[in-house]
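Have a look at the structure below before the remarks.
In what follows, every heavy atom counts, from backbone to side chain, and hydrogens, waters and symmetry copies are set aside. Note that the coordinates shown come from a computational prediction; the quantities given were computed from them, not determined experimentally. Lettering of chains follows the sequences in order, A, B, ..., and the numbering in each one begins at 1.
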Number of protein chains: 2
Amino acid sequence: MNQQLRMTKQRAAVAGALDATDEFRSAQQLHEQLRDRGDAVGLATVYRTLQALAAGGEVDVLRTDDGEALYRRCARTEHHHHLVCRSCGRAVEIDGPTVESWAASVGASQGFTEIEHTVELWGTCADCRASATAG
Amino acid sequence: MNQQLRMTKQRAAVAGALDATDEFRSAQQLHEQLRDRGDAVGLATVYRTLQALAAGGEVDVLRTDDGEALYRRCARTEHHHHLVCRSCGRAVEIDGPTVESWAASVGASQGFTEIEHTVELWGTCADCRASATAG
DNA sequence: TCGCTCTTTGACATCGGTTCTCACCAGGCC
DNA sequence: GGCCTGGTGAGAACCGATGTCAAAGAGCGA
């Protein structure tokens with residue numbers, strides 16, 4: 001967490017919850033999880049903390065199809081993409097060097113500048129597929 | 001528009017507004033645009049119509065960073081991606097054959113199934129850059 | 001053209017995620 | 001410990017999107 005922010009137990013709790021999983025979680029899920037665990041933190045604080053972490057590049061954010069924001073603490077802070085399980089939220093960090101160069105060249109060839117790209121892969125992880133088959 | 005739906009003037013107006021532009025537009029923008037033009041259509045109807053068009057694959061949908069849905073009538077119905085101007089919404093349809101195969105192979109190598117991918121490029125188009133520089 | 005039926009419409013209520021407000025609380029520093 | 005300032009949290013507000021339901025109208029057969 002950033003050093004110009006005061007380290008409060010609420011921020012530590014949110015950061016800790018993120019550190020403890022490799023799954024993308026919504027603010028509401030994290031809030032509920034902290035409450036269940038006894039580390040009650042206000043919902044507004046969860047949102048503020050996630051926002052601060054995201055602004056500092058310490059968590060990655062993505063949006064579900066219906067617009068909800070999901071957060072995840074990634075091992076690396078450099079640019080990367082994700083393969084996310086649409087059922088449990090588990091994610092794998094992936095690289096796409098060919099995608100990077102493709103995006104840059106396509107953008108430039110169309111006269112666009114300041115190109116950014118959104119590349120996320122969604123699937124069903126092996127565990128979720130197994131339990132779906134079993135159930 | 002789908003033939004098992006009744007063709008009403010409201011639906012025609014929404015479809016017409018989409019046909020008249022190559023920019024991604026939000027439901028609210030379309031609603032306002034129709035009202036300004038005199039073709040007043042209820043907001044709920046705009047949403048419903050866009051939903052129906054999207055379900056039939058007749059318009060493409062994407063989400064802005066803050067979760068708002070944007071709609072665009074694309075020339076082709078086959079799978080493709082977009083290079084979108086983050087300022088005016090103008091979009092260019094693009095192909096990424098290498099991205100397609102990369103996505104599929106990465107997904108499979110991690111044991112994920114039913115892989116889908118989200119690939120959108122964002123930039124500033126030449127016109128918007130020019131007016132930004134001028135202003 | 002006239003009615004009938006059944007979908008569609010639209011004003012409004014509601015929902016769900018997110019952000020704002022503001023009085024109170026508590027780190028960090030002396 | 002005391003002060004100052006940023007952080008917290010309960011609830012309100014906000015905003016995009018969806019649900020409700022009575023009234024309107026498209027399509028069809030007569």
Side-chain angles (χ1 to χ4, degrees), chain A residues 1-18 23-56 58-72 84 86 89, chain B residues 1-18 23-56 58-72 84 86 89:
Chain A
M1 195 131 195
N2 200 308
Q3 53 278 14
Q4 63 239 36
L5 297 175
R6 289 187 185 168
M7 178 47 63
T8 63
K9 64 173 131 290
Q10 289 88 341
R11 285 187 178 145
V14 173
L18 284 167
E23 300 175 9
F24 272 93
R25 288 285 162 78
S26 71
Q28 317 250 8
Q29 284 177 320
L30 287 165
H31 173 243
E32 194 172 342
Q33 185 177 323
L34 290 170
R35 188 162 42 66
D36 291 350
R37 188 200 284 182
D39 294 337
V41 174
L43 183 55
T45 300
V46 174
Y47 275 108
R48 277 187 295 242
T49 303
L50 289 172
Q51 228 166 243
L53 288 168
E58 301 193 49
V59 298
D60 284 3
V61 191
L62 56 83
R63 295 248 169 204
T64 62
D65 275 350
D66 53 306
E68 189 177 16
L70 301 180
Y71 302 84
R72 180 183 191 267
V84 188
R86 66 169 68 79
Chain B
M1 194 127 191
N2 202 309
Q3 53 278 12
Q4 62 238 37
L5 296 176
R6 288 188 185 167
M7 178 48 62
T8 63
K9 64 171 132 282
Q10 289 88 341
R11 286 189 178 142
V14 173
L18 284 167
E23 301 175 9
F24 272 94
R25 288 285 162 76
S26 71
Q28 317 250 7
Q29 283 176 320
L30 288 165
H31 174 243
E32 195 173 342
Q33 185 177 324
L34 291 169
R35 187 163 42 66
D36 291 349
R37 187 200 285 179
D39 294 337
V41 175
L43 183 56
T45 301
V46 174
Y47 274 108
R48 277 186 295 241
T49 303
L50 290 171
Q51 227 166 245
L53 288 168
E58 301 194 48
V59 298
D60 283 3
V61 191
L62 57 81
R63 295 248 169 206
T64 62
D65 276 350
D66 53 306
E68 190 177 14
L70 301 180
Y71 302 84
R72 180 183 191 267
V84 188
R86 63 169 72 79

Distances under 3.5 Å only, N/O to N/O: pair up the protein atoms with those of nucleotides 9-13 of chain D.
from	atom 1	to	atom 2	distance (Å)
D:dG9	OP1	A:Gln10	NE2	3.2
D:dG9	OP2	A:Gly42	N	2.9
D:dG9	OP2	A:Thr45	OG1	2.9
D:dG9	N7	A:Arg48	NH2	2.5
D:dG9	O6	A:Arg48	NH1	3.2

Check whether any side-chain N or O of B:Arg63 sits under 3.5 Å from a backbone N or O of B:Leu70 as a donor-acceptor pair, and report yes or no.
no
Inter-residue atom distance A:Glu68.CD - A:Leu62.CG, 0.5 Å rounding
10.5 Å
d(CD, A:Gln29; P, C:dT18) in whole Å:
11 Å
Give the rounded distance in Å between these two atoms: CD of B:Glu32 and C1' of D:dG16.
14 Å
Would you mind telling me which of D:dG6, D:dA17, D:dA26 lies closest to the side-chain atoms of B:Lys9?
D:dA26
Round to the nearest Å and state the distance from B:Glu68 atom CD to D:dT18 atom P.
12 Å
Close side-chain approach of A:Leu50 to A:Leu18, heavy-atom, < 4.5 Å
yes
To the nearest Å, give me how far apart NE2 (A:His31) and C1' (C:dG16) are.
15 Å
Rounding to an integer number of Å, can you tell me how far A:Asp65 CG sits from D:dT18 C1'?
17 Å
Assign A:Gln51 to base, sugar-phosphate, or nothing according to its heavy-atom contacts below 4.0 angstrom with the strands shown.
sugar-phosphate
In whole Å, what is the span from the CZ atom of B:Arg35 to the C1' atom of C:dT9?
17 Å
Mind listing the side-chain donor-acceptor pairs of residues 32-42 of chain A below 3.5 Å, one per line with the distance, residues two or more places apart or on another chain?
from	atom 1	to	atom 2	distance (Å)
A:Gln33	OE1	A:Arg25	NH1	2.7

I need the A:Asp60 CG to A:Leu53 CG distance, nearest 0.5 Å.
11.0 Å
Could you tell me whether the phosphate oxygens of C:dT19, OP1 or OP2, come under 4.0 Å of any side-chain nitrogen or oxygen in A:Tyr47?
no
B:Gln28 CD to D:dC14 P, in whole Å, measures 15 Å
Would B:Arg48 and B:Thr45 count as a side-chain contact (heavy atoms from CB on, under 4.5 Å) here? Give the steps.
CA-CA 5 Å; B:Arg48 277 186 295 241; B:Thr45 301; 3.3 Å; yes
Separation of atom CE in A:Met7 from atom C1' in C:dA26, rounded to whole Å
14 Å
Going by the rule side-chain contact (heavy atoms from CB on, under 4.5 Å), which residues pair with A:Leu43 if we only count those two or more places apart in sequence or in a different chain?
A:Gln28, A:His31, A:Tyr47
N or O in side chain of A:Thr8 less than 4.0 angstrom from D:dT8 OP1/OP2
yes
When you check the phosphate oxygens OP1 and OP2 of C:dT9, does a side-chain N or O of B:Arg11 lie under 4.0 Å from one of them?
yes
